[in-house]
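What follows is a single structure, written as structure tokens, with notes after it.
Residue numbering restarts at 1 for every chain, and letters A, B, ... go by the order of the sequence lines. What you are looking at is a predicted structure, and each value in this text was computed from that prediction instead of being measured.
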Amino acid sequence: EVNKSGLRGRGGAGFPTGMKWEFTRRAPGEEKFVICNADEGEPGTFKDRLILEGDPHKLIEGMEIAGYAIGSQKGYIYIRGEYDLSIRRMQKAIDQARQSNLLGKNILETGFSFDLEIKKGAGAYVCGEETALIESLEGKRGNPRLKPPYPVTHGLWQKPTLVNNVETLANVPEILFHGSDWFRKFGTEKCPGTKVFTILGHVETPGLIEVEMGTPLREIVFSFGGGVRGGKRFKAALLGGAAGVFLSEALLDVRMDFESLKENKAVLGSGAVLVMNEDASIPDMLLSILKFFAHESCGQCTPCRVGTHQLLDLADQCRQGRGSEVQLERMVNVSKAMVATSLCPLGQSLIMPVKSAVDNFRGDFLNHGNPAGKTPG
Amino acid sequence: MEKVNITINGRKISATAGSTILRAAQQAGIDIPTLCNHPALTPIGVCRICLVEVKGMPALQPSCTSLVIEGMEVQTETPPLVEARKFILDMLFSERNHFCMYCEMSGNCELQNLGYRYGLDHWVYPTYTRRFPIDATHRHLLLEHNRCVLCRRCIRSCSDLTANHTLDLRERGIESMVQADTNVPFGDSSCISCGGCSQVCPTGAIFDKRSAYMGPDKKLEQVQSTCSQCSLGCGMKVFTRADSVVRVEGDWDAAVNGGRLCKKGRFDPLDEERRRVTRPLLRRRGGLEPATWEEALQAVAERMGVARAQDIGVLASSRLTNEALYQLKELFRQGMKVTNVGLLNGAAPKALGKPQGALADIQKSDLILVVGADPVKDQPVASFLVKGSVDRGARLIVVDGKENGLSAFAHQRLEMADLDKAQDMAQRATNPVVLYGPGVPEKAAQSLKKLSPKAAFVALEPGVNTRAAAAFGFDNGFKVPAAKVLYLLLGEQHSGGEDLLKGAPKDAFLVVQASYESPLTLRADAVLPAAIWSEQAGTLTNTEGRLLKINRVLEPRGEAKPDLEIISLLGKKLGKKLAASLDDISARAAQELK
């Protein structure tokens with residue numbers, strides 16, 4: 001059913017969920033694990049929090065179904081340490097489920113046993129990456145592992161492990177209950193179902209919305225978001241969080257699904273939509289993003305450990321009014337080199353905010369601090 | 001062995017299944033640049049220098065960790081790869097302090113070599129913007145964080161090879177740093193000064209303080225030899241310059257130690273504070289005076305010549321080479337019919353007979369029984385192997401006193417009286433290994449024999465060449481009071497001092513053959529200066545029964561002579577016919593030791 005539904009990962013990568021389950025189910029080994037990635041580290045995203053705090057039992061059900069499907073009896077929910085309320089509510093839900101024999105040994109006399117444990121994160125964005133998350137669960141430094149091998153065959157304690165995002169797993173009970181045909185009624189051919197978007201920034205009504213995959217960005221910003229606050233003009237939207245893409249006005253009509261965005265050189269990511277008005281400074285935003293990455297780089301591999309800091313320095317120079325074509329070219333080149341050589345997706349994702357900012361808002365970088373438009377000598 | 005067919009740079013290569021692309025390339029003579037990789041350590045693929053292009057895979061693959069797959073087509077030096085490597089090197093060179101001009105590792109640095117290889121000749125990016133500390137608190141090693149490339153070789157050496165787990169990383173991202181324990185000064189840490197980290201460090205981040213300022217490797221001479229500080233006989237490489245030993249490194253290819261060394265073998269020999277005896281001395285008119293070899297040997301031979309066999313006593317240090325011990329036996333036991341011969345240190349119980357196991361058995365074992373021996377103190381490299389096995393899941397049972405260095409790592413520690421409990425556990429294991437030493441009483445040794453042939457038995461002989469000494473009959477129980485002429489061959493050993501001569505007749509003629517001054521040399525009637533470990537050639541029989549070669553590294557200091565030569569010359573003076581050439585003696589000794 002999950003395969004037929006065409007459900008794709010809602011954490012950012014968009015990998016077909018059914019296929020991942022299949023790989024894990026087929027992986028050799030007696031002991032397997034289900035991990036729910038509730039690290040929600042992507043800046044500007046708080047959609048998983050909605051489910052953890054507001055509908056925790058749906059997640060428990062989703063994980064049990066996953067466990068049943070792949071042949072696992074143990075699951076972990078890795079919640080970012082900062083989500084205090086989520087952790088408490090999730091624990092309460094787990095306790096309740098156990099009490100009602102909906103979790104634990106011999107669930108509802110079916111002979112199927114599955115139990116859940118919450119593990120807290122400790123403040124590292126990189127631990128949202130599945131292999132770094134697993135390392136963290138094993139009590140080690142949150143450093144991503146080399147892939148291959150993938151967690152589906154060698155995950156937690158080198159056993160087959162399924163790692164899914166909160167939202168992905170929360171879709172599962174509904175799919176099983178209503179059927180995959182029902183699920184396919186929403187969204188698009190290649191991206192069925194709904195998506196929870198986080199609207200934030202300079203909008204009238206920021207918050208969380210669940211709409212069909214493929215909803216146009218304009219509708220999200222102006223209909224659901226209430227338009228740009230205070231009647232100001234729309235300048236840009238950062239889609240997908242820090243590892244995201246700056247979209248200009250020109251692309252407001254893009255449809256929000258994995259395929260359409262990819263065609264437009266954008267990315268869905270975790271579904272964060274950060275709206276910026278005419279007064280916003282793109283160089284400042286980019287600097288903020290680069291500061292984030294420099295701080296969060298795990299430091300394992302050279303390109304990301306040093307590259308993030310060199311990018312930070314270059315962006316800072318632009319922000320200080322010393323931007324030039326050479327600096328911009330260098331920023332893009334460094335980001336490209338990081339895509340080619342970084343060990344994990346963190347280093348590989350810098351290209352997105354950097355290139356989209358430079359391509360779509362070139363003038364802002366060259367003229368920053370120089371309203372008259374004079375380039376620095 | 002299963003083979004896999006791949007293509008590298010257009011060349012068809014038959015690689016061993018299960019090997020990495022890097023290994024396959026190296027075996028085919030193709031040079032892929034690396035930095036964090038080291039043949040003796042687990043590859044981790046973090047420096048990203050060894051990335052290669054694999055047809056069909058969109059992402060570049062780290063060749064040090066990627067396994068060969070049938071039909072793989074690899075390119076190792078395309079223009080995009082060269083650009084990628086230049087980028088990584090630009091990043092590395094700008095990250096910390098890599099001013100080659102001021103670095104004592106210049107000429108010996110893998111990072112520098114890569115810089116030359118890829119034509120780096122200027123800084124592109126802001127450089128050395130973060131200052132890190134220098135930790136000079138360790139006695140032997142300097143930890144210069146500003147030259148670190150975070151390759152983690154030191155950490156892997158400390159955990160994989162030495163199994164001491166002192167080094168690890170702290171902080172994240174650009175602030176990552178190597179730390180000792182929980183960020184304590186290196187000199188105050190749990191470090192046991194094995195020096196493995198300094199041997200694997202590719203740059204000048206961790207280096208040995210003494211040798212660092214003595215010139216690059218290309219200006220040094222290198223001689224392969226065997227360490228003679230304990231009975232393991234670790235393979236080593238000795239670096240010298242201008243007739244001085246500059247540095248000692250573990251030999252990666254040596255079967256005994258696989259590149260590991262301990263403080264005794266790597267640092268102590270260069271830390272020697274005792275004074276060398278450089279000239280023969282004779283006691284004349286109440287005081288010790290310099291003499292020629294001719295005079296000294298004549299005096300000694302005269303006293304020995306007129307004495308009866310039962311009045312002569314010979315006490316040898318286990319540091320003597322196979323050849324020296326053989327010659328000593330030929331001269332005194334055979335030639336002079338002397339029976340009062342002995343060894344300066346005890347031996348492991350004979351009841352357990354000839355060696356059956358090898359040190360390598362420790363690494364394959366699932367249960368290690370250590371009885372009456374403390375390798376942490378006496379044969380450190382053996383303790384590294386034990387701790388490494390425990391890391392991989394082996395059970396460790398120590399049957400010895402509480403002060404045994406392995407107690408802290410053992411699953412169980414028992415007193416000798418409870419040996420049978422330990423034996424039961426060993427009996428139930430799949431590949432048990434018994435490491436035993438001089439602390440095992442003969443009765444317990446008999447009992448231990450019941451574990452054979454299931455268990456591999458590895459003796460941890462005290463001293464150095466104890467096995468050979470025992471084989472040549474030097475452990476028969478030496479009696480000091482019986483001797484009127486005492487011949488003590490101390491070698492480099494720290495002497496037992498006055499205790500050794502308790503009970504000696506007041507008019508006994510004491511001949512001391514030693515390398516260093518000590519209370520014994522001051523008391524002697526004749527002092528014969530002996531060469532030290534680096535100044536003589538020969539062979540040792542290690543605790544496994546393996547024959548290991550010692551090569552001469554330097555000329556003897558002053559007028560010192562190798563023990564073998566002194567014994568041979570003495571033999572000539574005494575009119576005994578003895579074998580003359582080193583090779584001849586080596587062959588005979590080897591034959592008898594079989």
Side-chain angles (χ1 to χ4, degrees), chain A residues 122-127 131-132 135-136 140-149 290-314 316-317 322 326-327 329-348, chain B residues 20 35-36 42-53 57-62 64-67 69 78 80-81 83-96 111 114 123-130 148-152 155 168-178:
Chain A
Y125 168 71
V126 74
C127 285
T131 58
E135 288 282 295
S136 169
K140 301 190 274 198
R141 277 171 70 87
N143 284 359
R145 294 176 180 174
L146 292 161
K147 296 199 280 208
L290 293 173
K291 268 195 192 149
F292 174 75
F293 277 115
H295 183 62
E296 297 291 341
S297 168
C298 81
Q300 228 190 159
C301 74
T302 312
C304 174
R305 183 181 73 240
V306 192
T308 46
H309 281 267
Q310 296 296 8
L311 281 175
L312 191 55
D313 182 81
L314 286 164
D316 201 28
Q317 295 200 29
R322 296 206 300 276
V326 174
Q327 302 288 59
E329 198 183 324
R330 233 178 230 171
M331 276 210 295
V332 174
N333 286 343
V334 170
S335 309
K336 278 196 184 141
M338 285 171 70
V339 173
T341 56
S342 293
L343 194 149
C344 89
L346 195 156
Q348 292 159 359
Chain B
T20 59
L35 190 55
C36 70
T42 318
I44 53 174
V46 297
C47 70
R48 316 305 284 174
I49 299 249
C50 74
L51 293 175
V52 293
E53 285 180 23
M57 297 180 94
L60 298 175
Q61 302 297 318
C64 62
T65 53
S66 303
L67 298 178
I69 297 174
T78 60
L81 284 176
E83 283 309 304
R85 286 173 195 151
K86 281 192 177 158
F87 165 70
I88 294 165
L89 289 170
D90 275 337
M91 291 293 106
L92 274 176
F93 270 95
S94 68
E95 187 182 3
R96 295 194 187 187
L111 180 66
L114 284 169
W123 270 281
V124 179
Y125 298 97
T127 296
Y128 196 25
T129 50
R130 247 179 189 76
C148 181
V149 292
L150 294 173
C151 69
R152 305 305 227 256
I155 296 170
D168 206 333
L169 275 179
R170 61 186 261 100
E171 299 297 337
R172 177 176 82 203
I174 201 83
E175 321 231 324
S176 299
M177 270 171 73
V178 170

Is it the backbone or the side chain of [X] that comes under 4.5 Å from a heavy atom of chain B, or both, or neither?
X        : answer
A/Thr308 : neither
A/Glu296 : both
A/Arg141 : side chain
A/Leu146 : side chain
A/Val334 : both
A/Gln310 : side chain
A/Asn143 : side chain

Exercise. Only one of B/Met91, B/Arg130, B/Glu95 forms a side chain to side chain contact (heavy atoms under 4.5 Å, CB included) with A/His309, so which one is it?
Worked result: B/Arg130

Exercise. For the candidates B/Glu175, B/Arg85, B/Glu171, B/Gln61, which exhibits the highest count of non-hydrogen atom pairs separated by less than 4.5 Å from chain A?
Worked result: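 Heavy-atom pairs under 4.5 Å are most numerous for B/Glu171.
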
Exercise. What pair of heavy atoms forms the shortest contact from B/Cys47 to A/Thr302, and how long is it?
Worked result: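 Minimum heavy-atom contact is O-OG1, 3.6 Å.
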
Seminar exercise, completed: Of A/His295, A/Arg305, A/Arg145, the largest count of non-hydrogen pairs under 4.5 angstrom with chain B goes to A/Arg305

For this session: Identify which of A/Gly142, A/Pro303, A/Ala124 forms the greatest number of heavy-atom pairs closer than 4.5 Å to chain B.
Result: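 Of the candidates given, the most pairs with chain B belong to A/Pro303.
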
